[in-house]
There are 2 protein chains.
Amino acid sequence: MTLELPRRTAPTLEAVAAAAGVSRSTVSRVVNGSSHVSPDVIDAVNAAIESLNYIPNRAARSLANRQTMAIALVVPEDTNRFFGDPFFAEIVQGITQGLEDSDYVLNLQLASPSSPSEKTIRYLLGGNVDGAIVVSHHSGDDFFTTLDATIPVVFGGRPYHPELHRNNYVDVDNAAGAAMGTQYLIDLGRQRIGTIAGPPNMQAAIDRAEGWGAAMRESGHPADLVEYGDFTMASGAAAMRALLDREPNLDAVFVASDLMATGAITVLRDRGKTVPADVAVVGFDDSSAATSGEIALTTVHQPSREMGAEMARMLLALLRNEPTERERVMPTRMVVRTSA
Amino acid sequence: MTLELPRRTAPTLEAVAAAAGVSRSTVSRVVNGSSHVSPDVIDAVNAAIESLNYIPNRAARSLANRQTMAIALVVPEDTNRFFGDPFFAEIVQGITQGLEDSDYVLNLQLASPSSPSEKTIRYLLGGNVDGAIVVSHHSGDDFFTTLDATIPVVFGGRPYHPELHRNNYVDVDNAAGAAMGTQYLIDLGRQRIGTIAGPPNMQAAIDRAEGWGAAMRESGHPADLVEYGDFTMASGAAAMRALLDREPNLDAVFVASDLMATGAITVLRDRGKTVPADVAVVGFDDSSAATSGEIALTTVHQPSREMGAEMARMLLALLRNEPTERERVMPTRMVVRTSA
DNA sequence: CTGAAAGCGCTTACAG
DNA sequence: CTGAAAGCGCTTACAG
């Protein structure tokens, strides 16, 4: 049995007003930093706030001014994917950092990868948050792409079927980045270059696969060796096996994420292939997964943390009705280590 | 420049009442599933809700009934630690699962490891959540241990200095678990057994170090080989180096977390030691880190997911004023793989 | 610069 | 079973 603690009931604006000998309006003004309050009144009110330990009730405030000062970070991925890929950690860090100087708090909502649950929908639509950042959007999820009819939304990564909706997003040029990574392998003189693509229901995955294909075709190579993963290590391993079974002479592979590349490398070594001598591997992300394995990955770097910060900045601008570009495309670059 | 979308203003209870031809009270009753409403009225109201796409405004509801239907998961760790250790992923999964059938949403708050920020404090005290689960508590943080004077709190892991406060928590018997892991090494006939302990400002770390010490002393071994890490892989590696420098003949080590054990093993191999032949390693957690390295860890299993679910259950009971035990200690067990 | 008053969208005794 | 009314704790024109 637990001890029943008498829960303290929090002091209200009213109490502060009484203590400071002013009206509630005035207390509200100083709490919200409004100008046009005389210095001594400000001091008196602050003293009362201090001594009563007053903290404004957020529900009341929200109801009155229709702002929650909270934003949702929605990640339509299951817990394993979310926690398993360091890419997300960096995005979250960036967002947190971008929000630091603001008054907004970030509420993380793990949603279902297929379509958002009733609970998520009610949360997003029920006035719990002023805006949302959606990272890792999948096709079929029109809820999120149309959510901005209700609250401002910024996507981390161009949403699927971007032509259908005019959503705000920050992204890298995935196709160009992938082409760069592939070109690097081509320039190495590799002949049979495959790719492990991400899930075809995600725009970034599609774009990276296309970038690989474009680079291959432009240099006169066949763009036939494609296998798909879902951005997890295990799926990277499985795709690598499939690729090797189809083409034992494969001598390079462009992998759409570092985590999948790590999985692919395990398989290559199991099959007796040396990396990079027999098979060169280029990843994508340059997340901490790139350097956590035994073979440091040569990879296409995307500025994940900065992207997160940029998402926060963009959403803040929308929330404040400040002008902002609808899309922000950040640069990628090659990071050469040992896998290629 | 972004396109200014005219944001739809959500329908209110009032609108539903009008549409259904009943009073607001009645709509409120059916929304909240109160009994004593006639079937046809229920149908009429539901039809109106459906057609208007009504979602109750949470701020208004909170203000009126003093419930937010939200609970905070507070983790006083930086993003790297939180995302880096699969232990947290499992706890989160457990909590999420334990909350699934309830109407509560979970809001994750990453706090500072030292002391909570002003933002976190205001969040927790400003009526944003009905209760909190605090995982990974450190010493010096009396804010969290006294937070239950304001809202119900459940700790994941016995808080530091539990004798000072009577907090609710779910935990394993860390000392017993560590003793079991150490005893396993002793039974293997190992002679020089060190330990890599967790940070001494965390209760679980202290308890595990004590469990190791107790098992050592009881079997007549000196309990002198202790080095401390902070539960990260890198710190496990550093501690292993220190241990080896102090005692080159060490032939076993009990490590207070799987992640640190993984780091320790890298060092052992770098120094030319075979695991388990030269040095046997026993970890703690049995998280996914135990099997992600090249040498599968023999480890002390703690039921992280179930613990998370239990935290949720306990908090829900507190929230509903149902009786519940103040502490729940769950069982550990040895999982023997290859590292020892 | 300051206060009285209305209102935000709900819930909840209180009557009936 | 149902409704009128008060109230939750703030903010915000509106006066002055």
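Below, chain A is the first sequence line, B the second, and so on; all start at residue 1.
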query: Think B:Asn32 has a side-chain N or O under 4.0 angstrom from the OP1 or OP2 of C:dT11?
result: yes

- request: Spell out, as yes or no, whether a donor-acceptor pair under 3.5 Å connects the side chain of B:Asp130 to the backbone of B:Ile71.
  value: no

task: Report the distance from atom CG of A:Asn65 to atom P of D:dG9, rounded to the nearest whole Å.
output: 17 Å

statement: Considering only heavy side-chain atoms of B:Asn57, the closest of C:dT11, C:dG3, C:dG9 is C:dG9

- prompt: Between atom CE in A:Met69 and atom P in D:dC10, what is the gap in whole Å?
  reply: 16 Å

query: For B:Val41, which contact category applies under a 4.0 Å heavy-atom criterion: base, sugar-phosphate, or nothing?
result: sugar-phosphate

statement: To the nearest angstrom, the NE2-C1' distance between A:His36 and D:dT12 comes to 14 Å

field: Residue A:Arg29, side-chain atoms from C-beta onward, closest of C:dT2, C:dA5, C:dG3
entry: C:dG3

- request: Name all stems that contain residues of DNA chain D, defined as runs of 3 or more consecutive Watson-Crick or G-U wobble pairs, both distances under 3.5 Å.
  value: C:1-3 with D:14-16, C:5-12 with D:5-12, C:14-16 with D:1-3

query: If you round to the nearest 0.5 Å, how far is CG of A:Leu315 from CZ of A:Arg320?
result: 9.5 Å

query: Does a distance-only test, which skips hydrogens and angles, find a donor-acceptor pair under 3.5 Å between the side chain of A:Arg66 and the base of C:dG9?
result: no

- prompt: Do we see a donor-acceptor contact under 3.5 Å between the side chains of B:Thr120 and B:Ser117?
  reply: yes

message: Closest approach to the side chain of B:Ser28, judged atom by atom: which nucleotide of D:dT11, C:dT2, C:dT11 is it?
response: C:dT11

- prompt: Can you check whether A:Tyr160's main-chain N or O pairs, donor with acceptor, with A:His137's side chain at less than 3.5 Å?
  reply: yes

query: Looking for any heavy atom pair under 4.0 Å, which part of the strands does B:Ser25 touch: base, sugar-phosphate only, or nothing?
result: base

- request: Describe the nucleic acid contact of A:Ser38 in one word from base, sugar-phosphate, nothing, applying a heavy-atom distance below 4.0 Å.
  value: sugar-phosphate

task: Rounded off to whole Å, could you give me the CG-to-C1' distance for the B:Leu13 and D:dA4 pair?
output: 15 Å

message: I want to confirm an ordering. Mapping B:Arg24 and A:Gln67 to their closest nucleotides on DNA chain D, which one lands closer to the 5' end?
response: B:Arg24

message: For A:Asp40, is the CG atom crowded, meaning more than 12 foreign heavy atoms sit under 6.0 Å from it?
response: yes

message: Nearest to the side chain of B:Arg61, heavy atoms from C-beta on, is which of C:dC8, C:dG9, C:dT11?
response: C:dT11

message: With a 4.5 Å cut-off on side-chain heavy atoms, are B:Val92 and B:Leu73 touching?
response: yes

message: Within the 3.5 Å criterion, strictly below it, is a donor on A:Arg66 or B:Asn57 matched to an acceptor on the partner's side chain?
response: no

query: Within the structure shown, what part of the strands sits under 4.0 Å from A:Arg58 by heavy-atom distance: base, sugar-phosphate, or nothing?
result: nothing

task: Tell me which nucleotide among C:dC10, D:dC1, C:dG9 gets nearest to the side chain of A:Leu63.
output: C:dG9

query: What is the nucleic acid contact for B:Thr12, judged by heavy atoms within less than 4.0 Å: base, sugar-phosphate only, or nothing?
result: sugar-phosphate

- prompt: Which part of the nucleic acid, if any, lies within reach of A:Val22 when heavy atoms closer than 4.0 Å are counted: base, sugar-phosphate only, or nothing?
  reply: sugar-phosphate

query: Can we call the ring centroids of A:Phe88 and A:Phe83 under 6.0 Å apart?
result: no

message: OP1 or OP2 of C:dG3 versus the side-chain N and O atoms of A:Thr26: is any pair under 4.0 Å?
response: yes

